[in-house]
Amino acid sequence: MRYKVTFVVGLALGYVLGTRAGRERYEQLRKSARQIAQNPAVRNAAETAGQTGREFAGKAFTAVSQKVGDAVPDSITGRVRGLRDRVGGGGADDDWGTSNT
């Protein structure tokens with residue numbers, strides 16, 4: 001209950017401060033956010049974080065599929081590329097309409 005009240009108070013406070021700041025302040029914040037996002041250092045850091053995340057996700061997928069690959073139903077095995085390769089099934093498109101590339 002305490003967290004709900006805190007959330008509602010924060011929401012109301014943000015609304016009041018936001019309406020007082022007006023459109024001009026909103027545009028300033030938007031311009032600043034765009035400049036930060038276009039900064040090469042920020043872009044490189046975001047790309048590195050994304051790459052690292054994809055690597056960890058791949059490792060986690062491999063570990064999980066090795067542990068539970070045989071226990072996964074065939075309907076799901078055919079849709080997951082790594083499992084499909086293990087059982088030898090699959091075509092150019094999966095059941096979800098996405099390509100296999």
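Residue indices begin at 1 and follow the sequence shown. Please read all numbers here as calculations on a predicted model, not as lab measurements.
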- side chain to side chain contact (heavy atoms under 4.5 Å, CB included) with Thr52: which residues, sequence neighbours excluded?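 For Thr52 the side chain to side chain contact (heavy atoms under 4.5 Å, CB included) partners, ignoring immediate neighbours, are Thr48, Phe56.
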- Task: List in chain and number order the residues that pass side chain to side chain contact (heavy atoms under 4.5 Å, CB included) with Arg54, two or more places apart in sequence or in another chain; answer none if no residue qualifies.
- Result: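 For Arg54, the residues satisfying side chain to side chain contact (heavy atoms under 4.5 Å, CB included) (neighbours in sequence not counted) are Gln51.
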- Hydrophobic cluster mates of Leu29, side-chain heavy atoms under 4.5 angstrom, ILVMFWY only, any path?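 Leu29 clusters with nothing; isolated.
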- Which other residues end up in the same hydrophobic cluster as Ile36, if Ile, Leu, Val, Met, Phe, Trp and Tyr are linked when side-chain heavy atoms come under 4.5 Å apart?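 For the cluster that includes Ile36, the remaining residues are Val42.
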In residues 3-16, what donor-acceptor pairs under 3.5 Å come from side-chain atoms, sequence neighbours left out?
from, atom 1, to, atom 2, distance (Å)
Thr6, OG1, Arg2, O, 2.8

- Message: Test of understanding: with side-chain hydrogen bond (donor to acceptor under 3.5 Å, both in side chains), list the residues that count as partners of Glu55, not counting sequence neighbours.
- Response: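 side-chain hydrogen bond (donor to acceptor under 3.5 Å, both in side chains) list for Glu55, sorted by chain: empty.
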- Message: Using the side-chain hydrogen bond (donor to acceptor under 3.5 Å, both in side chains) criterion, which residues pair with Glu27? Sequence neighbours excluded.
- Response: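 Here the qualifying residues are Arg23.
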- Item | Inter- and intrachain pairs under side chain to side chain donor-acceptor pair (under 3.5 Å), touching residues 34-45, at least two apart |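 Sorted pair list comes back empty.
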